Amino acid sequence: PSREIQRPPETGDEWQTASPEDVGMTSPSLSRLLERIENTDDHLIHSMIIVKDGMMVLEEYWPGNDLATGSLVLEFKDFDRNTLHYVASVSKSITSLLTGIALEHGHISSVEESVFSHYPDYQGLETESNAPISLRHLLSFSSGFYWNEFAYGFDDPRDSHYQMFRSEDPIAHLLGRPVVTPPGAEFNYNSGDTNLLGEVIRRASQTPTFVAFAEANLFEPLGIEDYIWTRFGSAPQLTFASGGASLRPRDMAKLGILCLNGGIWNGDRVVSTEWIQESTAMAIPLQGNYGTLYGYGYNWWLGRSPFGGQQVEYYRAMGWGGQDVFVFPELDLVIAFTAGGYYDIPPLNVNDLIEDYILPSIRD
């Protein structure tokens, strides 16, 4: 017997639910997907949510080890829809949305603004090589600032994360990094840049913390009531904008639907359509092997997957350990995953699960 697909319950958090067949999907393919996951030992997946045509049609949870908030320690959780999950670098895509909101509110006038124009108290660190760096460069990871995110472990003193968190003045540390490529020339994944961006928004909006700006302008409009977003111990006003958020998977999926609907949630505009379009378009191409990914927007990854004999476009918020929000605009489809692949390689690739089971479940 195949694994039965249960229609997700409506719990009063503004989600409407449906069966797969109600939105033109087939349950047998999704049943095989669940069987594939549950027949895989130590699959490390903690949750999976599928939203089609605005309706949540699948919601599943599995127990496992999450990363404890504010540390690198694993913590076992028996996940359900009310359990917060660390979302790691999905935080970057949230920061991108908040940048668009700051633009719409007039706190910043353009992504072409100089980074140093927002840091007058650090003008002594401005040089001929870093002066041209703009907010656009921070958003697209093309600032040229040195960063070695994947060379060492996060607990290695040579690691850029390690150095950032142990600096008495993280902003001075981030602005003082050497510029190793001309701004705008090359993509280099750089969490330090997102933390500079989050602090720019806090300063420009004159809010006590970046988290306070997020709560008032994004979380409250989306009905996101339960979350954690950590800050720097050495600088409590500074939020870990690149990776410190913990959310419910249902609320992760809300972020995807907000973008899919052009910045509108539940009939209310939260961020401009222009920003959604600009931030999820190609800002800089990826060089090298990134699988189905081909480009980077403003803290969103851009990719293509095979569907119906063609390639269908998606954009993706992606975080360490297997935290993902996929948005397929042409298919009116959002898929959210959480997982515990922080220190182990997951035996299942989510792209394969999407291409082998979820996309084939969509009827023509």
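Since we're looking at a predicted model, the values are computed, not measured.
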Does atom [atom1] of [X] have more than 12 heavy-atom neighbours from other groups under 6.0 Å away?
X	atom1	answer
Asn349	CG	yes
Gln123	CD	yes
Glu128	CD	no
Glu75	CD	yes

Could you state whether [X] and [Y] fall into the same hydrophobic cluster, counting links through intermediate Ile, Leu, Val, Met, Phe, Trp or Tyr residues with side-chain heavy atoms under 4.5 angstrom apart?
X	Y	value
Leu98	Ile276	yes
Val111	Phe141	no
Ile335	Val312	yes
Ile264	Val334	no
Trp300	Met282	yes

Sub-3.5 Å donor-acceptor pair from the side chain of [X] to the main-chain atoms of [Y], do we have one?
X	Y	result
Ser29	Tyr357	yes
Asp226	Leu84	no
Asp156	Arg158	yes
Arg231	Pro236	yes
Ser234	Ser167	yes
Arg363	Met25	yes
Ser160	Asn148	yes
His137	Ser134	yes
Asn130	Leu125	yes
Ser91	Ser242	no

Is there side-chain contact between [X] and [Y], with heavy atoms separated by less than 4.5 Å?
X	Y	result
Phe307	Ile362	yes
Glu104	Trp275	no
Ser191	Lys92	yes
Thr95	Thr239	no
Pro9	Glu59	yes
Leu197	Tyr298	no
Leu138	Thr99	no
Ser143	Asn190	yes

Please determine whether a side-chain nitrogen of the Lys or Arg among Arg32 and Glu35 lies less than 4.0 Å from a carboxylate oxygen of the Asp or Glu.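 No, no charged N to carboxylate O under 4.0 Å.
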Once rounded to the nearest 0.5 Å, what's the spacing between atom [atom1] of [X] and atom [atom2] of [Y]?
X	Y	atom1	atom2	result
Ser140	Ile284	OG	CD1	5.5 Å
Asn195	Leu238	CG	CG	6.0 Å
His43	Arg36	NE2	CZ	12.0 Å
Ile108	Ile101	CD1	CD1	11.0 Å
Ile49	Glu60	CD1	CD	10.0 Å
Asn65	Tyr343	CG	OH	11.0 Å

Which pair of non-hydrogen atoms, one from [X] and one from [Y], has the smallest distance, and what is that distance?
X	Y	value
Arg248	Asp13	NH2-OD2, 3.1 Å
Asp332	Gly54	OD1-N, 4.3 Å
Val350	Arg316	CG2-NH2, 3.8 Å
Glu14	Trp265	OE1-NE1, 2.5 Å
Phe145	Leu175	CE2-O, 3.7 Å
Leu359	Pro306	CD1-O, 3.6 Å

Validation row, ring centre Phe187 to ring centre Trp301 under 6.0 Å: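 Close enough - the centres of the two rings lie under 6.0 Å apart.
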Who passes side-chain hydrogen bond (donor to acceptor under 3.5 Å, both in side chains) against Thr292, sequence neighbours left out?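 Only Tyr314, Asn351 meet the side-chain hydrogen bond (donor to acceptor under 3.5 Å, both in side chains) criterion with Thr292.
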Between [Y] and [X], is there a side-chain donor-acceptor contact under 3.5 Å, judged purely by atom types and distance?
X	Y	result
Asp66	Tyr342	yes
Gln323	Ser89	no
Ser109	Glu113	yes
Trp62	Glu38	yes
Glu313	Tyr315	no

Please identify each residue that fulfils ring-ring contact (aromatic ring centres under 6.0 Å, His included) with Phe165, with sequence neighbours left out.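 Scan of Phe165 (ring-ring contact (aromatic ring centres under 6.0 Å, His included), adjacent residues dropped) gives Phe232, Phe240.
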Quick one: list whatever passes ring-ring contact (aromatic ring centres under 6.0 Å, His included) with Tyr227, sequence neighbours left out.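 Partners of Tyr227 under the ring-ring contact (aromatic ring centres under 6.0 Å, His included) test: Phe219.
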Quick one: do Leu353 and Ile37 satisfy side chain to side chain contact (heavy atoms under 4.5 Å, CB included)? Show the steps, please. CA-CA 9 Å; Leu353 298 181; Ile37 294 172; 4.3 Å; yes
Would you call the rings of Phe328 and Phe326 parallel, tilted or perpendicular if under 30° counts as parallel and over 60° as perpendicular?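 The arrangement is parallel - the two ring planes meet at less than 30°.
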Run the side chain to side chain contact (heavy atoms under 4.5 Å, CB included) test on Leu293 and Met318 for me, step by step, so that the C-alpha distance in whole Å, both residues' side-chain angles and the decisive distance to 0.1 Å come before the verdict. CA-CA 11 Å; Leu293 300 169; Met318 180 167 57; 3.9 Å; yes
Taking the six-membered ring of Tyr119, is NZ or CZ of Arg203 closer than 6.0 Å to its centre and within 45° of its axis?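 No, a cation-pi geometry is absent between Arg203 and Tyr119.
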For Met164 and Arg177, run side chain to side chain contact (heavy atoms under 4.5 Å, CB included): C-alpha distance rounded to whole Å, both residues' side-chain angles, the deciding distance at 0.1 Å, then the answer. CA-CA 10 Å; Met164 173 179 68; Arg177 290 170 293 165; over 6 Å; no
